[in-house]
Structures are given as structure tokens and as C-alpha cells.
Amino acid sequence: MPAFRFDGTGTFEENWSALMAELQSLDADMAAILAANKERLAAIVRQGQRNTNARASFNAEVVTALDALLAASSRGEGTP
Amino acid sequence: MPRYFLTRLRVEGFRGINNEGDPLDLRFNARAVNSVFAVNANGKSSLFDALTYAFRAEIPRLSALHVQENSDAYYCNRFHSQGHATIDLDLMPDDGTPVISIRVVRTRQGQRSVTSPSGHAAPQALLAGLAEEFSLLDYRTFIRFIDDTPLNRGRAFSSLLGLSSYSDIRQSFQSASDARALNGDLGLNVLNTEASSTLRVAQQTLAVLRASYQRVTGLALDDVGRLDESMAEVSAALCGVEMLRPHFDGRLLITVDFEVVKEAIRSAEGGEQRRELERTIEAITAIEALGIYDVTGSETERQTLLTAITTRDTRLATTRGDLFKRLNEAAERFIDSGGWPNANQCPLCFERIAFPIADHIRTQLGHYREVSGSIQDVGTTWRSASFVQRLATLETFAMLDVPVAERLSDTVARDVGTTLSGEGLNDAVARLRELEGQLAAKLAAFRVRKEQLDRELPQSLVQLTEQVEYGRQFKESLIAYRDGQTEEALIRARIGIRQRWRNFITQATATFADAEVELSRARIASIDEEYKSMFRRIMNVTDIVPELRRDSGREDLHVQLSDFHGQHGLSAGALLSESYRNALAISVFLAAAMTHTGAPRFVVMDDVTSSFDSGHQFALMELLRSQLQFGPNRQGLQFILLSHDGLLEKYFDRLDADSSTEWKHHRLQGASPMGAILSQSQDASRLKTTISRLLSAGQTTQAEPFIRQYLEFVLQQVIRKVSIPVPIDFAIKDHSRMVSNCLDAINAATDLHKRANTLILDASQIRNLDTVHVPAIVGNWVSHYETGSGSSLSAPMLQGVVQSIDDLAECFRYEDTAVTPVSRRWYRSLSAR
């Protein structure tokens, strides 16, 4: 399988969408959580400045989403 | 999709631009290079900030201020009476469709609104689309390009290539997938400890389950996978006792209330001894339920903990406390920011050192990270140790009656990673041995007492009581075992899904990073010829050839010289002067910008030329004008240059005046931040109207800064129009004395021409200039306001000053009767019409 590559003529948003499609094939549930928290991920480093609180906030949202996915699967609503 | 040129910018009440009721108004030509000059503190950076805010809804350098500095309070001009800011932009699509007007307003409270007077449906989205790296370039972004470390350069370079969004997200991914941070943020350490603890409890419960099953049925419980059948067998065994049958026959063991069964036995055969037997058996089963713990087995765990404590203390000894940690962190930020160019010199004591200071700082901070890891190791090892769990169990076991304040498992657990010592560890092991001894003694005493009661009570009653108690124990153990299994499964599932995320985010990080590196390499390759060609043209050299090289799989970017006067593979940072370095940076940026196809078709550059010498500035301007600007180049961009360089301004001015060149120049002057800033192309009559309005209302103090502006504006207009020479330091003299500086220059030039008998002014103009207007301005303005020695003048007197300056300007104009109708024109110079 060829390695994923960004399109040099595309915008960042277009390439982000392509990455999400690639990651869907890796793990659709996890890719959905990542896509839903894109802005929180982007807040971790802005203009080269790292923000530790933003990282903790991102991971806290991920944990909430993971537990929700787990709860849904235990009710037979998901496929983790 | 069209791309957009910026054709007009109007600003009021934003940053250093007050311009209350009279916005600073700049019109840009899409087909020409546009330049804007202002001396420092005259609104140039405020224009850049206004565009930044319009596109990005923030000014990053304000956002980066410490929270106590309340950056929100500095967007709007602090002297604007309404306190809100208005930014109007005209954007011209390159597909020939009508110009789009967008208005951005920010209130004093920080609320932002975006509207489109021309009726665009989504003005905010349009502005957001313009927030690309190529639309705005400031001095700071590219000045760090060469001098940074390869890593920071790679990150800064991504901005020059238009890839900073990718660089930021790549770093965000790396931070989010950091193993140590993930273990903490996802709670994996805690969950693993909980899983170990739950497993241990389950094993203990299972042991009790097996023992009680065997005591009731006389059989071994071999298969824990068939507990429902085992429960039925226990029920059947108890049902075999005649007296117990009504309580168990036809019922699930799990639903039987054993207290009711015991009460029935009490009612059938009363007696204190029987009740004591019941309590004794309860006590024995409670102790047995704790299971047997081999204290000698804890020695391995104790040794492991002792090693972790020793490692932590050894590592701690390599550090020097929190203050030094903060010092090193601050130093790392300082070095990384590019503020210290001398790699082998200490920035505190300036002593030369044999190794790079950055390596030393990284080593020091590495020690602190190792200590942090060791503290975590001690804590995790303590919490997961079975003897610690056992100690906690025994200290809270009611029969051992350990006071809360004396429970080591509680007191040691507080900050255990930091505070646990070898002595504390040994105390805990000793306490466990002591409690195990007490527990064993109690169990032995209860067993002795039970044997006594067995002998004293009828055998049938003893066995009956035992059977019921073991039956109850089986039931409760069964419930506890199943609850434990459910809890363990939940914890395992939580760990599993978190590990799944960890695997995912790690792979996602690698996928993104690989793709980003390849994108960057491809973009470098695509502009390779172009930036080298631009560099050659700007610097006019052929035997210095720069080469950018991005490491595979890394963010590091190396800048080398593939050719340096015939030598190869040398360091650009070590050999290139500042002017060359900046030429390389701007070449890379322009080459990348020209290949970009995003929404903005304009580039605003703030002071990027100030470090070039004049020859190279000229080469750069010519490159922009003749090759890169839309117009001469059909695929080109619109360039808007902001500069405070006085020499460069002369060049801009000349290009603007030359009708054969496509160049539009604005010169800003005014009284930032309190008064108004005007472009020379703006009509000064609006300023005069403001003055009249204020003076008519008697507001002389408010009118004074505008009058000063007006005087400076008119006098500089005279100087420019009739080409009056000014001293070389004219622009850098005390700005508060600009009016007298201008008058001095005008007087000196007219005097010179009078002595040479070449002055073109007519006699009345010369007389009025010398005896009326200049004395009036000096007497009524300069002596009062520039010296600061005079008191405020009345409104009529100030109105007279304004009239005097208009009259003075008229002394340098004449009626041109050669045209119809007759036109009033400026003299071409002091000696010619």
C-alpha cells in the first residue's frame, strides 16, 4: 500500500480531509474522535507556541469520547 | 474560485490609528507595487495589525501577552471617544466580478462583527480564507530563518513555504502522542493499578469461594466456569438438612436471606453459647476471607521499591532544585527564540565554554525529566505492590482496630513518589508483619474458642450453624466474585480502548509527519530554481549558491552553500552576512508565494527590506516591480510594502512620480496615537474641517494636536512641491519640533535664492512670507507649543494660525494663465515655474 501523501496543490483543509479518509481505514472510530476534536488538537501548538493545558484539554475530550464509545458498545450501539 | 486583490483599506480607532470621524484611507492599485512609508510610531504597524485582525480575528503578538496584561484592551485606540475600531476593506476579485466591501468592527468590550456593505453573503468566511501565510509577512518571521537551530528553522521555514499550519499540527500530533503524557492524561497508570488491585481481590475472593463450597458440599470446586451449577449444589446440600429445607427448597441461593435462616435456628434452639458460636464462626470466616499472605514474598517488591527510591535520590542529586529548573527552562526558551547567537558562551556570566550552551541546558533539563520519571516510577511501584495493598486491607480491617491517624497506607500514600524513603518503606513492611502476627493470633484464638463451643454444644447444632455460615459466605463471595469480574472487565475495556487510541494517534502522528516532510521536500524542490535565481538577482552574485535540505523524516532544515566561490558544502549560517541571509529568506518566500494559488492574490510585507543595503533593496524592488507584480506578470501577485526606511522612501517616491513605472506610493504622517494619521494622497481639508469644528466649540485643547498635524502637513507639502532641500537628518530630528524644522528649511532655501537673485516668488509673496506668515506662525505656534513655555491660545488665535499656514502655502503658487480656465499651480521649484 503506497504511503499517504498530501496534495501539494490542495489547501490545508483539503489535505486534512484526505488524512481523515486515510485514518478512517486505520480505525474509523478513533478517526471520528480525532476529527471531532480537530480544533482542540490545533490549539496544542499555535504559531510554534506549545500549550500544555491545551494538550491536557484535548486528551480529556478524547477520554470522554472513548468512554462514551465504550458505553455505546456495551449497549450494542457501537463496534469498538 | 476567484482570488482577491486588496484595493482599499480604511482604518479608524484601531491600535495607534485614532482618526476619529476621518478614517485613514489608503487605495491600492492591483496592477502596481504599492508602498506605504511612515516614520516609526506613525501607524504603519497598526495597518499591518488591522489586516492581521481582519483576517485572523486576533493579533498573535497581543494574544501572546501574559493574561494579566489584558491584551484585549489594546486592540481599539485608547484615545478614540467611542472606543470602537472600524476596518473597511475593498477586495477586487481577479475574475472581473464586482469589488467586495467588508467592514470589521471591534467594540471596546472586544466583540467583533463582520458585515459586507456590498452585500457579500459570507464576509467572515471570505476574510478567513485570506488568513494565509502568504498574505501577511512580517519582519520577525523570516529574520530568524538562517540563525535558528535546524529544528526551529524547519518550523520557521514552513511559514515561509506556506506550510506553518502543517508544522503546527505536526507538533500538536507529536505532543498528543507523547507516551509519558498519554499515560498520565488518559489515566493509564491509574487504570493499570486498579486492574492489578481488582485481580488480586478476585483471587482472594475465589479462594474463599472454593473453601466455603468445599465446606458445605464436601467437594472441590474445580471449574469456576460453572458457578451457576455450583450454586445449585450448595443450595441442594443445605436443602438436605430438614430444618433448613423450607428456606432453600426451590429457591436460588442468591435470593436466600441468611439472616432469616439464622433467626429461624435461633428460634428453634436458643442460647447464648449458640449465638457466640455463630459470631465466632463469622469472625473466623471473615479472617479466612482475607486469605493467607506470605510476608516473606514481599521482599522482592521491597527490593524493587528500594532500587526505585535509590535511583530517584541519585538523579535528584544531579539537580539543584526548582529555581534552577525554572532558570534552565527560561534559558531554553531564550536560546530557542534566537535571542542568543553565541552558542559557546553563557548568556548569564558571558564566560566562554567548550560546548554549546544549548546542549548544557538540555542536559540539565534532561536530569529534571529523569527525576520526574523516577518519582512517577516510585509512585506506580508503591501503588501496584501487593504488600502495600495487603497493608491497606489489614489497617482498615475492623478486628485489628488500627486508628485512622496511624494508618501508614494512608500517610505514606500522600506524595509517595516524592516522599517515600528507605526508612518509610521498611516501616511499612514492619507494620505489615506486625499486623499479620496480630491477625494470626486472633484467628488462632477464635479457632480455640470454636473448638470449646463445639464440645459444649450439641454436635448437630454446631454443624448446622457452620453449614449456614459457610453457605452465606459462599453466596456473598459469589456476588463479590461476579462484581469483581464485571469491574475488572470494565477496567480492561477502558485500558483496551485507551491503548487502541494510543496506537491510533501514534500511527496518525507518523502518517502526518511523513506526509508533511514529503510535502515540504516537494515544495522546496518545486521552487529550487526559482529561489536560487531570485537570490542571484537580488544579490547580483553567481558564485554563491544556497541550498536548502530537509532531513528525511525530521523537521530539521539545513541551509548550506552548494557553491561558495568554488568551495562546496559549507554552512550558510557561518558564512553569509545578514543582507545575504535575508535575501535568501525573501527569495524562498517569494518563490513559494508565486506558486501558491490560495484566495489572497496580494502580499503585505512589513519592514522586510530594512536589513538590506540600498543596492540590494533596489534589486529586490526591481524584481517585484518588473517580474513578480501582477500587471507586468499576468500570473503575478499584488505587492504592498510597508516600510519606515527613509532612504527607501525616496526611491518609492521617485517610482510613483515616474509615469512609466507601475508604482503607487503612500506617505503617512500624523500624530499617532492621539490625533489623525493621513496619507499624502488623502484630502487634508477633512483635517481642517475637524479643526474648525473643535475651535467653533471652544475645544482648543482637543484642536491643538490636529492643528500641529495640519501645519506639518502643509509645510511638508510645500517642501515636496517646490523641491526645497532639507538637511540629511531632517526625518530623524525631534519630531515635536517638525514645524520649526520645516520653517527653517523653507527660510534657508528662500534666503539662498534671494541672495542668488533667483527666487521665483513675486514681491508681495516674498514680503508676506517674511513679514506676515512666518512671524505669525512662529509667534503664535512655535513659541507656545514647541517650547512648551507658553499657555494655550484662544480659539480665534488658533484659527488665525491655520489661516496663516494656508496663506504661507499660497506664497509658493501662481496663476497659470497659459491654460483655460486659469489654474493655480505650485511653482516647480524656488527658481522656476
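This structure is a prediction, so every number in the text was calculated from the model and none was measured. Quick note on labels: first sequence line is chain A, next is B, and so on, each numbered from 1.
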* Structural part of B/R498 lying under 4.5 Å from a heavy atom of chain A -> both
* To do: Give the member of B/S165, B/S172, B/S526 that has the highest number of heavy-atom pairs under 4.5 Å with chain A.
  => B/S172
* Side chain, backbone, both or neither: which part of A/N51 has a heavy atom under 4.5 Å from chain B? -> neither
* So which of B/T511, B/D168, B/N503 has the largest heavy-atom pair count under 4.5 angstrom toward chain A? -> B/D168
* Pick from A/I44, A/V45, A/T9 with the largest number of heavy-atom pairs that fall under 4.5 Å of chain B -> A/V45
* Structure fact -> Here the gap from B/Q507 atom CD to A/L26 atom CG, rounded to the nearest 0.5 Å, amounts to 4.5 Å
* To do: Check the side chains of B/R502 and B/N183 for a donor-acceptor pair under 3.5 angstrom, ignoring hydrogens and angles.
  => yes
* Could you check A/V62, A/V63, A/D27, A/D29 and say which one makes a side-chain contact (heavy atoms from CB on, under 4.5 Å) with B/W501? => A/V62
* Asked: With only heavy atoms counted, which part of A/F58 is less than 4.5 Å from chain B, the side chain, the backbone, both or neither?
  -> side chain
* To do: Measure A/A54 against the heavy atoms of chain B and call it side chain, backbone, both or neither at under 4.5 Å.
  => neither
* Sort B/L186 into side chain, backbone, both or neither according to what part of it lies under 4.5 angstrom from a heavy atom of chain A. => both
* **Segment of A/A60 engaging chain B (4.5 angstrom heavy-atom cut-off)** => neither
* Are A/N15 and B/Y166 linked by a side-chain donor-acceptor pair shorter than 3.5 Å? -> yes
* Asked: Going from CD on B/E132 to OG on B/S135, what distance comes out if it is rounded to the nearest 0.5 angstrom?
  -> 7.0 Å
* Asked: Is the A/F12-A/F6 ring centre distance short of 6.0 angstrom?
  -> no
* To do: Taking the side chain as every heavy atom from C-beta outward, state whether A/E14 and A/D7 have any atom pair closer than 4.5 Å.
  => no
* **Engaged part of A/L19 at the chain B interface, taking heavy atoms whose separation is under 4.5 Å** => side chain
* B/F512 ring center near A/F4 ring center (under 6.0 Å) -> no
* Structure fact -> Scored by heavy-atom pairs under 4.5 Å with chain B, the best of A/T11, A/L34, A/T52 is A/L34
* Asked: Considering only heavy atoms, which portion of B/A522 lies under 4.5 Å from any heavy atom of chain A: side chain, backbone, both, or neither?
  -> neither
